[in-house]
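Some notes on the structure that comes next.
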Amino acid sequence: MRELVEKFRRRRWFILLPAIAMFAIGSGTAIGDASGSSSVRTIQVSGNGEAHAAPDWAALNLAIETHAKTASEAAQSNAALAQKINQALVQKLAGKGKVTTGGYSLYPEYSNTQANERPRIKDYQAQNSITVETGDLAVIGPLIDTAIAAGANRVDSLDFSLRDNRKARDEAISDASRDAQAQAEALAASLHVKLGPIIAATTESESRPIPVMAMARMSEAGNGPTPIIPGEITVPATVSLTYAIE
């Protein structure tokens, strides 16, 4: 009889212990889910702004192109012409800028051939690119005329820019910030919610140079100076704001 009672007791504890363990695990999981359900509601907007400023720097890119029957002749002719143009530009700048070599190339040119014929070299072409940078914008037109008179046969580009765009950049960022704030207020009003504090803010800004394309032989001797009238530099900015919703 005692042996039967002892067996019954052992079986009861064997059944009850897993039940207690399962209850404890289930209770812990429920509490964790409840505590992780909270989140912050937000409104995110992006505003755009820009500022304008007169340029104070210019970069002029000129090209010298020469052709000859041999590579050596084309290179020598180009070198002599480049030296002449460089000297004329340096003299015209009078210490108010710098002249540098932007690039150089030498390659053969082929004549038109019929089908199944091997290409034949017609002549060689040498190209030398000269870059002039200056803060004296009034001298840009005379520099172009000087280069062409000295033998330059192509004006590839003319870009105006700002040496220091920080003031214009700050103005553009302020303009973009006001735009973003106005958007956030309008959005909150339409959704019937109240804006809380700003919890994140980012910005992007850059200058847009003014390109002035100039074709070869813009000004010939006796036709008067080449007129160059720069516009304004545009500095855009984007501001992104994230507001908490109260």
Side-chain angles (χ1 to χ4, degrees), residues 53-113 117-165 206-235:
D56 58 8
W57 192 254
L60 172 66
N61 190 265
L62 304 156
I64 309 161
E65 223 177 82
T66 55
H67 300 261
K69 289 298 181 182
T70 66
S72 177
E73 290 174 345
Q76 290 176 7
S77 175
N78 195 283
L81 198 54
Q83 186 175 4
K84 179 183 176 183
I85 295 169
N86 280 331
Q87 290 175 349
L89 290 172
V90 168
Q91 184 177 359
K92 194 69 178 179
L93 277 172
K96 297 180 180 179
K98 61 181 180 179
V99 180
T100 58
T101 299
Y104 183 86
S105 64
L106 175 64
Y107 53 89
E109 292 185 313
Y110 297 92
S111 59
N112 295 328
T113 57
E117 289 185 359
R118 294 183 61 183
R120 290 177 295 176
I121 295 176
K122 180 178 62 175
D123 57 19
Y124 288 84
Q125 180 182 137
Q127 288 190 6
N128 197 331
S129 176
I130 298 175
T131 299
V132 184
E133 295 178 274
T134 180
D136 186 0
L137 304 190
V139 80
I140 295 299
L143 281 171
I144 293 174
D145 297 336
T146 297
I148 292 174
N153 42 29
R154 196 170 72 241
V155 179
D156 282 343
S157 64
L158 173 57
D159 293 332
F160 294 99
S161 60
L162 294 170
R163 279 178 285 191
D164 186 353
N165 71 343
E206 61 179 352
S207 296
R208 292 175 185 164
I210 301 175
V212 180
M213 301 307 295
M215 303 303 292
R217 298 182 179 85
M218 289 176 57
S219 172
E220 299 292 346
N223 290 342
T226 298
I228 299 294
I229 305 173
E232 288 186 326
I233 298 292
T234 299
V235 181

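All heavy atoms count here, side chains included; hydrogens, waters and symmetry mates do not.
With a 4.5 Å cut-off on side-chain heavy atoms, Thr226 and Ile148 do not count as touching. Put simply, the side chain of Leu162 does not reach to within 4.5 Å of the side chain of Trp57, judged on heavy atoms.
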Show me the side-chain donor-acceptor pairs of residues 129-137 shorter than 3.5 Å, one per line, residues at least two apart or across chains.
from   : atom 1 : to     : atom 2 : distance (Å)
Ser129 : OG     : Asn61  : OD1    : 3.3
Ser129 : OG     : Asn61  : ND2    : 3.1
Thr131 : OG1    : Asn61  : ND2    : 3.1
Thr134 : OG1    : Lys96  : O      : 2.7
Thr134 : OG1    : Asp136 : N      : 3.0
Asp136 : OD1    : Ala138 : N      : 3.4

key: Val99 vs Leu93, side chain to side chain contact (heavy atoms under 4.5 Å, CB included): CA-CA, chis, key distance, verdict   = CA-CA 9 Å; Val99 180; Leu93 277 172; 3.7 Å; yes
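Taking each heavy atom of Tyr124 and Ala74 in turn, the nearest pair found is O-CB, 3.7 Å. The shortest heavy-atom contact between Ala126 and Leu106 is CB-CD1, 3.8 Å. Nearest heavy-atom pair, Ala147 versus Leu89, reported as atom, atom and distance to 0.1 Å: CB-CD2, 4.0 Å. For the residue pair Leu81 and Ala150, the shortest heavy atom distance occurs at CD1-O, 3.5 Å. The two atoms that bring Leu158 and Ala58 nearest to each other are CD1-CB, 4.4 Å, heavy atoms only.
Listed by chain and number, the residues in a side-chain contact (heavy atoms from CB on, under 4.5 Å) with Ala79 amount to none (sequence neighbours excluded). Residues that satisfy the side-chain contact (heavy atoms from CB on, under 4.5 Å) test with Ala80, not counting sequence neighbours, are absent from this structure.
Heavy atoms of other residues, nucleotides or ligands lying less than 6.0 angstrom from CZ of Arg120 number 12 at most.
Atom CG of Asn128 sits about 8.0 Å away from atom CD1 of Ile85, to the nearest 0.5 Å. Between Leu143 atom CG and Ile228 atom CD1 the span is 10.0 Å, to the nearest 0.5 Å. For the atom pair Asp145 CG and Ile140 CD1, the distance stands at 11.5 Å (nearest 0.5 Å).
Every pair passing side chain to side chain donor-acceptor pair (under 3.5 Å) that includes a residue from residues 75-85 is listed here, sequence neighbours excluded: Thr66-Asn78, Ser72-Gln76. The salt bridge (Lys or Arg N to Asp or Glu O under 4.0 Å) pairs that include a residue from residues 64-83 are Glu65-Arg154, where partners are two or more places apart or lie in different chains. Residues in residues 99-108 take part in these side chain to side chain donor-acceptor pair (under 3.5 Å) pairs, two or more places apart or across chains: Tyr107-Gln125, Tyr107-Gln127. Sorted by first then second residue, the salt bridge (Lys or Arg N to Asp or Glu O under 4.0 Å) pairs that include residues 85-95, not counting sequence neighbours, number zero.
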